[in-house]
Amino acid sequence: MIRFENVGLRYGMGPEILKDLSFSVEPQSFQFLTGPSGAGKTSLIRMLFMSLRPTRGLIKVFDRDISLIGKNELPELRRKIGVVFQDFRLLDHLTTYENVALPLRVIGREESDYRADVVELLKWVGLGERMHALPPVLSGGEKQRAAIARALITRPDVLLADEPTGNVDPPLAKRLLRLFMELNKLGTSVVIATHDIALLEQVDARRMVLADGRLEIFD
Ligand SMILES: Nc1ncnc2c1ncn2[C@@H]1O[C@H](COP(=O)(O)OP(=O)(O)OP(=O)(O)O)[C@@H](O)[C@H]1O
């Protein structure tokens, strides 16, 4: 589904922060990406989402070599990937409901068709009462849950989440993890970058550990 071969990354003239990464994200798989702060988790998530190009090596996403993909083709490919960024990236002029519904609107679905699904997901993540609020008045944890709901609503082929439980308390983190696992059961490959040990201990999933620029995988 996604394949990295000998991928290296450096920013500008700096040192290589990721070295010789070779791994695959298989269909329907579930994995945690972990490692100390600054190890390169966010950079790796950005490469998986094709928003950052490697400085060397090969990345294939849905069997396409990303170095050969034109900018005009990227949105279409990215539609199959749900992503939760650390800074949420919600649109401030749209309500929580509208933010979550946006990916469905973009693909031309009718509101009458998806409204109930969006409301149900918002309730599941505990935002039932906040669906008409604009992002600037949401708390950090609420924004995070809105970003998660937006990433899940299309049931993407791959879900990438960067510290998705960083702003919520342990019971809510557990609930969100359940949501990721449900999505995984429905067929989505899930990659969760986290250094939340409690979260890691709750699932016996594959672990991808970054340290000193290298990736070690524990299946
Ligand atoms: N745009 C950038 N320009 C230059 N250096 C960068 C840039 N983004 C990240 N870095 C550097 O690359 C390294 C990896 O950063 P990254 O954010 O990927 O790590 P991380 O594992 O996600 O960290 P954290 O857990 O603290 O979020 C760090 O040394 C960081 O300073």
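Indexing begins at 1, ligand by ligand and atom by atom, following the structure's order.
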Can you list the steps and then say if His93 with Glu98 is a side-chain hydrogen bond (donor to acceptor under 3.5 Å, both in side chains)?
CA-CA 9 Å; His93 63 287; Glu98 288 165 341; over 6 Å; no
Could you go step by step and tell me if Gln144 and Phe88 meet the side chain to side chain contact (heavy atoms under 4.5 Å, CB included) rule?
CA-CA 6 Å; Gln144 186 155 44; Phe88 319 127; 3.5 Å; yes
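Here the closest non-hydrogen pair linking Ala146 and Val100 is O-CG2, 3.7 Å.
Protein residues with a heavy atom under 4.0 Å from ligand 1 are Tyr11, Ile17, Pro36, Ser37, Gly38, Ala39, Gly40, Lys41, Thr42, Ser43, Gln86, His195.
Between Phe49 and Phe85, the angle of the ring planes goes over 60°, which puts this pair in the perpendicular group of the 30/60° scheme.
In this structure, Lys60 does not pair ionically with Asp65, as no charged nitrogen and carboxylate oxygen lie closer than 4.0 Å. With respect to Glu182 and Lys185, a salt bridge is recorded, a charged nitrogen being found less than 4.0 Å from a carboxylate O.
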